[in-house]
J.: 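Questions regarding the structure given below will be posed in turn.
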Amino acid sequence: MTNSSTQICVVIGASHAGVNFAFSLRKEGWEGSIILFDKQTAIPYHRPPLSKTYLTSGDDAKDKNVLKSHESYTKENITLQLGVSVKTIHREAKKITLSDGTLQQYDKLVIATGARPLIPDIKGINNAINIFTLRTIKDSEAIRNAIKKGGIKSALIIGGGYIGLEIAASLKKMDISVTVLERENRILDRVTTQNLSTFFKDLHTNNGVVIDTKKNVISIETHDNVNTVICDDGTRYNSDMIVLGVGIRVNTELAQEAGIAIENGIKVSAASQTSDKAIYAIGDCTYHHNPHYNRFVRLESVQNAIDQAKVAAASICGKMAIYDAIPWFWSDQYDVKLQIVGLFSNYNEVIVRKETGENKKLSIWYFNDKELLAVEAVNNAKAYVLGTKFIKGRKEINKTNLRDVSLTLSPSNLLLP
């Protein structure tokens with residue numbers, strides 16, 4: 001590795017990807033400066049709890065939610081610059097322009113800009129009161145503080161994806177009346193199949209959440225501190241609070257303006273390198289090749305952020321490293337833990353296994369002919385663990401035994417000789 005104490009690595013974005021990269025880079029042997037910029041003022045924190053435990057807990061949860069302590073950055077000689085955004089990347093000069101107009105030189109640059117909430121084009125949305133997105137710690141605190149002030153009895157969530165459903169579960173715990181509006185024919189329409197959609201619709205309905213599908217919101221009217229949400233079929237919903245959960249926009253503008261290749265995100269190599277050899281990109285903002293599935297994907301997950309961070313750090317330090325991970329995700333709602341491993345977009349067969357005598361315990365197995373592509377496990381860690389091993393090893397499954405719920409989930413029962 002060609003390295004010296006005078007080299008500078010600059011990281012744009014201090015969420016899971018950026019922070020894990022910085023610490024991994026130091027661990028890999030980088031001797032030079034590491035400077036981490038983030039436009040938020042809060043010390044970098046875990047994002048998954050924002051829609052769950054952090055939303056429902058007290059103010060003391062902030063200290064428990066940090067990714068690394070202030071002392072950790074000092075110990076590893078990582079400079080954390082909070083409340084500072086990057087305006088421009090000057091590739092030829094290897095410099096960036098900061099929000100205060102100053103220039104910062106770099107030898108290596110890592111883009112970990114992530115994504116931001118999508119704000120739909122709805123008439124009257126800018127005049128609505130108590131309307132929120134949930135992507136940052138400030139968003140979560142704003143929702144919680146609005147409820148603590150009193151007067152919030154009902155909430156309307158626009159969007160029936162995972163984030164919307166997690167918020168719905170959290171608000172129900174806070175004794176808020178909740179309605180979820182989904183534009184598609186079913187909740188989770190874009191991310192899973194009918195089986196899991198039905199399970200979660202039943203779960204939320206049984207917990208008192210109203211879920212209405214085929215509801216395309218076209219306008220919001222606000223009078224006397226009450227929002228009225230109007231759909232294109234004429235239905236109207238009154239609510240004290242609105243939470244938008246309709247998707248995200250990837251933060252690629254900075255890279256695109258610098259002339260870096262963009263394709264459904266910042267396109268990167270197996271080593272997380274962009275079209276500029278001095279610039280890497282990691283996390284939600286990237287479009288990368290997954291060797292196992294032999295396709296390019298953009299993943300919004302903590303796992304992907306951490307994996308790419310480690311690969312980029314090793315590569316910058318001159319080590320052979322490629323991204324070769326099986327994607328995994330999770331969601332917590334009420335007393336249900338959903339764990340997902342793999343990508344099922346190319347499936348042609350689904351096997352649903354509901355364990356006998358086990359309430360809310362099932363697994364959904366996706367196949368392309370003989371190949372296991374993905375597993376969705378509800379309160380079923382064993383299915384998730386075995387599915388991960390089988391997918392990684394490209395093991396052929398005995399589908400007859402998998403369907404037989406009288407047989408336990410085990411390699412001896414599931415693997416063909």
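The shown structure was predicted, so the numbers you read here are calculated from the model rather than taken from an experiment. We use all heavy atoms of the structure for the numbers below, so side chains are in, but hydrogens, waters and symmetry mates are not.
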J.: Closer than 3.5 angstrom, by distance alone: can the side chain of E184 be matched with the main-chain N or O of R186 as a donor-acceptor pair?
T.: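 No, because the side chain of E184 does not come within donor-acceptor range (under 3.5 Å) of the backbone of R186.
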J.: So which heavy atom on D324 is nearest to which on H292, and how close?
T.: OD1-N, 4.1 Å
J.: Would you kindly say whether T228 and N238 are connected by a side-chain donor-acceptor distance under 3.5 Å?
T.: yes
J.: Please tell me whether S315 and Q273 have a donor and an acceptor in their side chains that are separated by less than 3.5 angstrom.
T.: no
J.: Going by the angle between their ring planes, with limits at 30° and 60°, are F344 and Y366 parallel, tilted or perpendicular?
T.: parallel
J.: Supply the atom-to-atom distance R183 CZ to R190 CZ, rounded to the nearest 0.5 angstrom.
T.: 6.0 Å
J.: Between T205 and D202, does any side-chain donor sit less than 3.5 Å from a side-chain acceptor?
T.: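 Side-chain D/A pair, T205 to D202: absent.
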J.: If you apply the rule side chain to side chain donor-acceptor pair (under 3.5 Å), what do you find for S33 with Q7, and how did you get there?
T.: CA-CA 6 Å; S33 299; Q7 288 189 310; over 6 Å; no
J.: So, N227 and S239: side-chain donor and acceptor under 3.5 Å apart, yes or no?
T.: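 The answer is no; no qualifying pair exists.
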J.: Check whether N398 reaches the backbone of N401 with its side chain - one donor and one acceptor, N or O, closer than 3.5 Å.
T.: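 Between the backbone of N401 and the side chain of N398 there is a qualifying donor-acceptor contact (under 3.5 Å).
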J.: Can you list everything that forms a side chain to side chain donor-acceptor pair (under 3.5 Å) with S24? Sequence neighbours excluded, please.
T.: none
J.: Give a yes or no answer on whether the side chain of T252 reaches the backbone of I266 with a donor-acceptor pair at less than 3.5 Å.
T.: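 Side chain of T252 to backbone of I266: no pair is present.
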J.: Closest heavy-atom contact between L171 and I157?
T.: CD1-CD1, 4.4 Å
J.: What's the verdict on side chain to side chain donor-acceptor pair (under 3.5 Å) for E257 and T88, showing C-alpha distance, side-chain angles and the deciding distance?
T.: CA-CA 8 Å; E257 289 169 5; T88 311; 5.8 Å; no
J.: Any donor-acceptor pair under 3.5 Å linking the side-chain atoms of E76 with those of S72?
T.: no
J.: Locate the shortest heavy-atom distance separating L362 from N380; write the atom from each residue and the value.
T.: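 Residues L362 and N380, closest heavy atoms: O-CB, 3.9 Å.
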J.: Counting distance only, does the side-chain N/O of S57 pair as donor-acceptor with the main-chain N or O of T53 below 3.5 Å?
T.: yes
J.: Could you report the tightest heavy-atom contact between G342 and I391, atom names first, then the distance?
T.: CA-CD1, 4.5 Å
J.: Going by atom types alone, do H90 and T97 pair a side-chain donor with an acceptor below 3.5 Å?
T.: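 There is such a pair between these side chains.
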J.: Tell me which one of I96, I12, I35 satisfies side chain to side chain contact (heavy atoms under 4.5 Å, CB included) with Y106.
T.: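 In the set I96, I12, I35, the residue that makes a side chain to side chain contact (heavy atoms under 4.5 Å, CB included) with Y106 is I96.
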J.: Could you state the interatomic distance from CG (N251) to CG (D284), rounded to the nearest 0.5 Å?
T.: 9.5 Å
J.: So that I know where these two stand, are Y54 and Y45 an aromatic pair - ring centroids less than 6.0 Å apart?
T.: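 For Y54 and Y45, the ring centres are not under 6.0 Å apart.
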J.: Ignoring hydrogens and angles, state whether a donor on the side chain of D240 or N225 is under 3.5 Å from an acceptor on the partner side chain.
T.: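 No - no donor-acceptor pair under 3.5 Å links their side chains.
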J.: Please assess D276 against T274 for the test side chain to side chain donor-acceptor pair (under 3.5 Å), listing each intermediate value before the final yes or no.
T.: CA-CA 5 Å; D276 185 317; T274 71; 5.5 Å; no
J.: Is a side-chain donor-acceptor pair under 3.5 Å present for T133 with R116?
T.: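 Distance-only check fails for R116 and T133.
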J.: Does any N or O in the side chain of S177 come within less than 3.5 Å of the main-chain N or O of S154, such that one atom is a donor and the other an acceptor?
T.: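 No, because the side chain of S177 does not come within donor-acceptor range (under 3.5 Å) of the backbone of S154.
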J.: Assess, by modelled atom type and distance only, whether the side chains of D139 and T136 contain a donor and an acceptor separated by less than 3.5 Å.
T.: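 The answer is yes; a qualifying pair exists.
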J.: Between R403 (side chain) and I351 (backbone), is there a donor-acceptor pair under 3.5 Å?
T.: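 Absent.
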J.: Examine Y334 together with H204 and report whether their ring centres are nearer than 6.0 Å.
T.: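 Distance test on ring centres: under 6.0 Å, yes.
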J.: Can you see whether S331 engages E166 through a side-chain donor-acceptor pair at a distance of less than 3.5 angstrom?
T.: yes
J.: I need the minimum non-hydrogen distance between A383 and V375, along with the two atoms involved.
T.: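 Taking A383 first and V375 second, the nearest heavy atoms are O-CG1, 4.0 Å.
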J.: With no hydrogens and no angle check, do the side chains of Y237 and D212 hold a donor and an acceptor under 3.5 Å apart?
T.: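 On atom types as modelled, these side chains qualify, holding a pair under 3.5 Å.
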J.: Tell me yes or no: between the side chains of S15 and R47, is some donor less than 3.5 Å from an acceptor?
T.: yes
J.: Between the side chains of D233 and T235, is a donor N or O closer than 3.5 angstrom to an acceptor N or O?
T.: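 Result is yes, a qualifying pair exists.
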